[in-house]
Amino acid sequence: MIKYGLMNTPTLAQITRELLMAYNRFPRKQLGQHFLVDPMVLQRIIAAAEVTSDDLIVEIGSGLGLVTLELAKRANHVIAIEIDGELLRISQDVLKSQNNISFVRKDILKTDLNELTVGRHFKVVGNLPYYITSPILEALLTLKDRPEKVVIMTQKEVAERMAAAPGTKKYGSFSVFVQYYADIKLNSLISKSSFYPWPEVSSALVVLTPHKEPLYPVQDEKLFFDIMHAAFQQRRKQLRNSLADFKIEGLDFDFSRRPETVSVKDFVKLANELNDKTIYA
Ligand code: SAH
């Protein structure tokens, strides 16, 4: 193992580079391996997750385990999920004195988190590979038992789309999807230099708090998502055109609107009216 003198506390960047060297490893770009090397950002992640000694934390993409360690020091238990078996072994080595971590070698997209968390409340933390942000979020937000909190690092643009308000350019079906299920806060923008190696895009730290009860109850969720997706298929068109396949005549809704002006609440209203009409017609 790597040893340091008393005089010089190594930085996260040094530890990361030296671990990779000691185990003869290079970061794998195709797995989105950009390790966090900025202690301020690490602190922000920990603070945003509001980790307490009761918490079960699921960390997605635990990498070398340096974020995992800070989580494990504060939480009751951490489940570290990592697809790269070699990295997982390195982190097991590094963290062997920390006895409240379960290491799971798995592809998060093929993992049922409710099976791993067996009925316990849990939070999710992840410095995720950016190309799988949306499938991961879709899976997390539609779980039967959803996380209490999700703290994730994403590409800045994706974070902005998630948080976008109706009437803005970035507002789209992904915004509606995320905001239907969760409250979302953009915690902070994170510079490329906070990672090793630098990613090609800027990042943002995002905190999602899934709603315990739906904010606006939907009678038929499939219908709600069908309408919403159909509307955004043709972003420039008025709803009367993009929703021509649905039986919208006579509904109390302004169909001259374009989808980017329609809030989650309004999409729910529309879906419920259409549902009533179909049921009671
Ligand atoms: N948490 C570490 C590593 C972040 S890099 C840190 O902050 O430094 C992203 C990590 O996600 C990498 O270790 C990568 O191997 C892992 N990963 C990529 N695709 C994954 C998948 N489908 N399932 C689980 N982990 C994955």
Side-chain angles (χ1 to χ4, degrees), residues 109 124 128 130-144 146-147 149-150 152-187 189 201-281:
L109 297 177
V124 171
L128 310 174
Y130 294 162
Y131 55 92
I132 50 173
T133 306
S134 18
I136 290 176
L137 278 182
E138 275 170 45
L140 287 176
L141 293 176
T142 56
L143 279 170
K144 193 171 141 292
R146 281 176 285 159
K149 215 179 249 307
V150 179
I152 51 162
M153 192 69 79
T154 70
Q155 195 174 330
K156 177 170 160 261
E157 282 70 26
V158 176
E160 288 169 347
R161 277 200 281 128
M162 285 192 239
T168 63
K169 266 220 310 265
K170 292 185 172 145
Y171 184 71
S173 57
F174 193 49
S175 327
V176 176
F177 176 83
V178 171
Q179 292 169 26
Y180 170 67
Y181 285 109
D183 172 67
I184 161 152
K185 294 241 153 32
L186 248 172
N187 177 290
L189 299 179
V201 294
S202 303
S203 307
L205 184 65
V206 171
V207 181
L208 294 145
T209 312
H211 304 307
K212 293 216 167 65
E213 301 294 331
L215 273 191
Y216 315 107
V218 171
Q219 290 157 13
D220 180 343
E221 228 166 52
K222 181 175 181 307
L223 181 63
F224 165 76
F225 284 114
D226 284 350
I227 290 180
M228 192 271 279
H229 285 126
F232 280 109
Q233 280 290 312
Q234 308 187 59
R235 217 189 145 75
R236 308 295 323 138
K237 290 204 175 155
Q238 297 184 354
L239 295 176
R240 82 168 90 264
N241 298 312
S242 47
L243 300 182
D245 289 346
F246 296 88
K247 298 195 164 41
I248 58 171
E249 319 81 60
L251 293 187
D252 175 25
F253 200 86
D254 176 4
F255 287 99
S256 69
R257 292 169 69 182
R258 291 187 168 78
E260 72 250 35
T261 70
V262 182
S263 64
V264 177
K265 186 179 175 189
D266 285 356
F267 271 118
V268 170
K269 175 175 179 284
L270 177 54
N272 285 348
E273 283 203 21
L274 188 57
N275 187 58
D276 284 342
K277 188 180 160 198
T278 322
I279 290 176
Y280 301 115

Q: Could you walk me through whether Leu208 and Leu137 pass side-chain contact (heavy atoms from CB on, under 4.5 Å), step by step?
A: CA-CA 10 Å; Leu208 294 145; Leu137 278 182; 3.4 Å; yes

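- Distance CZ/Arg161 to NZ/Lys169: 14.0 Å, rounded to 0.5 Å.
- Across all their heavy atoms, Arg235 and Thr168 have their closest contact at NH2-O, 3.9 Å.
- At a cut-off of 3.5 Å, with distance as the only test, a side-chain donor of Glu221 or Tyr180 sits close to an acceptor on the other residue.
- Note: Lys237 NZ to Arg258 CZ = 11.0 Å, rounded to the nearest 0.5 Å.
- Between Lys277 and Glu273 there is no salt bridge, since none of the side-chain N atoms of the basic residue sits less than 4.0 Å from a carboxylate O of the acidic one.
- The shortest heavy-atom contact between Asn272 and Pro217 is ND2-O, 3.0 Å.
- At a threshold of 4.5 Å between non-hydrogen side-chain atoms, the residues Phe253 and Leu243 do not count as touching.
- Side-chain contact between Gln179 and Tyr171: present, with at least one pair of heavy atoms (C-beta onward) separated by less than 4.5 Å.
- Inter-residue side-chain proximity for Leu270 and Val262 is flagged as unmet; no heavy-atom pair is nearer than 4.5 Å.
- Arg236 contributes atom CZ, which lies 13.0 Å from atom CG of Asn241 (distance to the nearest 0.5 angstrom).
- At least one side-chain heavy atom of Leu189 sits less than 4.5 Å from a side-chain heavy atom of Lys156.
- Side-chain contact between Phe246 and Leu239 is absent, with no heavy atoms from C-beta onward closer than 4.5 Å.
- Heavy atoms only, all atoms of each residue included: Ala231 and Pro259 are closest at O-CG, 3.3 Å.
- By the 4.5 Å heavy-atom criterion applied to side chains, Val264 and Leu215 are not counted as neighbours.
- The structure places CD1 of Ile152 at 11.0 Å from OG of Ser203, a figure rounded to the nearest 0.5 Å.
- Between the CG atom of Asn275 and the NZ atom of Lys222 there is a distance of 12.0 Å, given to the nearest 0.5 Å.
- Taking all atoms of both residues into account, the shortest heavy-atom contact from Asp183 to Lys185 is OD2-NZ, 3.2 Å.
- Within the 4.5 Å cutoff, no side-chain heavy atoms of Val158 are placed close to those of Tyr130.
- Expressed to the nearest 0.5 Å, how far OG of Ser173 lies from NE2 of His229 amounts to 4.5 Å.
- For Phe232 and Phe177, the ring centers are positioned 6.0 Å apart or more.
- With a 4.5 Å cut-off on side-chain heavy atoms, Phe174 and Met162 count as touching.
- Considering every non-hydrogen atom in both Ala204 and Ala159, the closest pair reads CB-CB, 3.7 Å.
- Of the possible donor and acceptor atoms, none in the side chain of Lys170 sits under 3.5 Å from a partner among the backbone N and O of Glu157.
- The two residues Lys149 and Val207 have their closest heavy-atom pair at CG-CG1, 4.1 Å.
- In summary, Glu249 and Arg240 do not engage in a salt bridge, as defined by a charged side-chain N under 4.0 Å from a carboxylate O.
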